[in-house]
There are 2 protein chains.
Amino acid sequence: MPAVALQLENELDYGRLDQSLGYVLRRAQLAVFKTFQTMFRALDITPAQCSVLLIIEKNPGLTQTQVSDALGIKRANFVALFDGLEARGLAQRASASDRRSYALQLTPRGRAMLRKIHAVSDAHEEKISAGLTQADRHELFRLLNALIAPLEEPVADAE
Amino acid sequence: MPAVALQLENELDYGRLDQSLGYVLRRAQLAVFKTFQTMFRALDITPAQCSVLLIIEKNPGLTQTQVSDALGIKRANFVALFDGLEARGLAQRASASDRRSYALQLTPRGRAMLRKIHAVSDAHEEKISAGLTQADRHELFRLLNALIAPLEEPVADAE
DNA sequence: TATTGTTATACTCTATAACTATA
DNA sequence: TATAGTTATAGAGTATAACAATA
């Protein structure tokens, strides 16, 4: 029996937390993350690893710094993350013209993994959109992007 | 000069990441979190500590377990979190009828802090809503709650 | 027996500084 | 001098197991 049933009608007052966009956004992100974990458990892959494979798929040959910057991952933390992908034979560091860097590539096994990722990702998107109509989902994208834009936007240099 | 300007028109392909609700949601949550950190720095308080104070404000006398459950914090992790609030004189553990537990309360200093929190919180909500109209903001609440509901909903026991 | 608060612990993420080899 | 990758490390946040006091 869940604790909720014990505290029957515990009706506790969340006050302004329920009116806080930040709080609701955090709850949504957390719920989505947990759903991700459940659905991707069989592939044994994290959201971050997933995003790296997806970026390399569309942009082969990028350097570690380019991929890190694109995904908001610190270069230092990217190393171990990519080591994991390389150890599993999903991606590799190929030599680049600039000998300080690597050209990141997928392996055949990585491409096979991506086909599975695409499938699970589609199912995941459908799952987390269960409470939304198609129009709702489209609108949610628009609103989230509208929210993000002014916050991520680099400081425009006034002159 | 930001890195973006250096890699002028680097136009790299995010592929399905841009069509992933999970990814966009994560970016939004991250942007909002960073804005929170900046604006609440002067109060030296985390989102979690903030939410605890807000819950106790509206529901004085709750136990640690009740507050933890309400906010999705593990009981074990709540201890240090509340120790911090108590050390700063913002909240306290009062004795309860059940001597295993405490009735959590605000102190006068905690109530004073909450007035500041309310003010900064209002400013924060306005800041993160900068890219949204009032109607947009209301719609975003509706959509996020619609997304969350089926994911958080405990497994309904069919019978 | 079960529950509350607690401690200890571990694992993941994230952030910073400093090193190396190349440029 | 500056940059790419790397290492080491430290700090959050979060997870589980086990214990003492109390119910």
Side-chain angles (χ1 to χ4, degrees), chain A residues 1-7 10 26-27 29-31 33-34 36-38 40-41 44-52 61-87 91-105, chain B residues 1-3 5-7 10 26-27 29-31 33-34 36-38 40-41 44-52 61-87 91-104:
Chain A
M1 192 186 310
V4 171
L6 290 174
Q7 308 169 9
N10 61 354
R26 173 178 165 273
R27 284 212 359 251
Q29 204 275 321
L30 211 68
F33 177 67
K34 285 186 179 173
F36 184 99
Q37 281 192 313
T38 301
F40 279 82
R41 186 159 301 151
D44 188 29
I45 203 159
T46 66
Q49 290 177 317
C50 221
S51 62
V52 168
L62 288 185
T63 67
Q64 296 189 179
T65 298
Q66 286 175 316
V67 175
S68 300
D69 286 351
L71 296 173
I73 302 171
K74 292 273 179 275
R75 291 197 319 280
N77 297 328
F78 185 88
V79 177
L81 195 165
F82 196 84
D83 284 349
L85 294 176
E86 202 165 29
Q92 60 190 7
R93 294 169 162 99
S95 54
S97 52
D98 183 336
R99 288 166 54 204
R100 290 173 302 183
S101 65
Y102 297 112
L104 303 184
Q105 301 175 339
Chain B
M1 192 185 308
L6 292 174
Q7 308 168 9
N10 62 352
R26 173 176 164 275
R27 285 217 351 254
Q29 203 275 322
L30 210 67
F33 176 67
K34 285 187 178 172
F36 184 100
Q37 281 192 313
T38 301
F40 280 82
R41 186 159 300 151
D44 188 28
I45 202 160
T46 67
Q49 289 176 316
C50 220
S51 63
V52 168
L62 289 186
T63 66
Q64 297 188 178
T65 297
Q66 286 174 317
V67 176
S68 300
D69 286 351
L71 296 173
I73 301 170
K74 293 273 177 278
R75 290 197 318 282
N77 297 328
F78 185 87
V79 177
L81 195 165
F82 196 83
D83 284 349
L85 294 176
E86 203 165 30
Q92 61 190 7
R93 293 168 163 98
S95 54
S97 52
D98 182 336
R99 286 167 55 205
R100 291 173 302 182
S101 66
Y102 298 111
L104 302 184

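Reckoned from all heavy atoms, side chains included, excluding hydrogens, waters and symmetry mates. Convention: sequence-line order gives letters A, B, ...; per-chain numbering from 1.
- A search for side-chain hydrogen bond (donor to acceptor under 3.5 Å, both in side chains) contacts involving A:Gln37 returns nothing, not counting sequence neighbours.
- The distance from atom CG of B:Asp69 to atom P of C:dT3 is 12 Å, rounded to the nearest whole Å.
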Checklist line | Reading 5' to 3' through nucleotides 8-19 of chain C, protein heavy-atom contacts under 4.0 Å coded B for base, S for sugar-phosphate only, - for none | finding: -----SBBBB--
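- With rounding to whole Å, A:Leu62 atom CG is found 13 Å from D:dA4 atom P.
- Contacts between residues 97-104 of chain B and DNA chain C, defined by a heavy-atom separation under 4.0 Å, are made by B:Arg100, B:Ser101, B:Tyr102.
- Taking the side-chain contact (heavy atoms from CB on, under 4.5 Å) definition, one finds that B:Gln29 meets it with A:Arg26, A:Gln29, B:Phe33, sequence neighbours left out.
- Every residue two or more places apart in sequence or in another chain that forms a side-chain hydrogen bond (donor to acceptor under 3.5 Å, both in side chains) with B:Arg93 is listed here: B:Gln64, B:Asp83, B:Glu86.
- Of all non-hydrogen atoms in A:Tyr102 and A:Ala96, the two that sit nearest each other are C-CB, 4.1 Å.
- For residues 61-81 of chain B, the ring-ring contact (aromatic ring centres under 6.0 Å, His included) pairs, not counting sequence neighbours, are B:Phe78-B:Phe82.
- The list of side chain to side chain donor-acceptor pair (under 3.5 Å) pairs with a residue in residues 72-81 of chain A, not counting sequence neighbours, is empty.
- When the side-chain contact (heavy atoms from CB on, under 4.5 Å) test is applied to A:Arg27, the partners found at least two apart in sequence or on another chain are A:Asp18, A:Tyr23, B:Ile148, B:Glu152.
- At C:dT4, none of the side-chain N or O atoms of B:Gln66 fall inside 4.0 Å of OP1 or OP2 (strictly under the cut-off).
- A:Arg93 has its CZ atom 17 Å from the C1' atom of C:dT22, to the nearest Å.
- Qualifying side-chain contact (heavy atoms from CB on, under 4.5 Å) partners for B:Ala76, counting only residues two or more places apart in sequence or in other chains: none.
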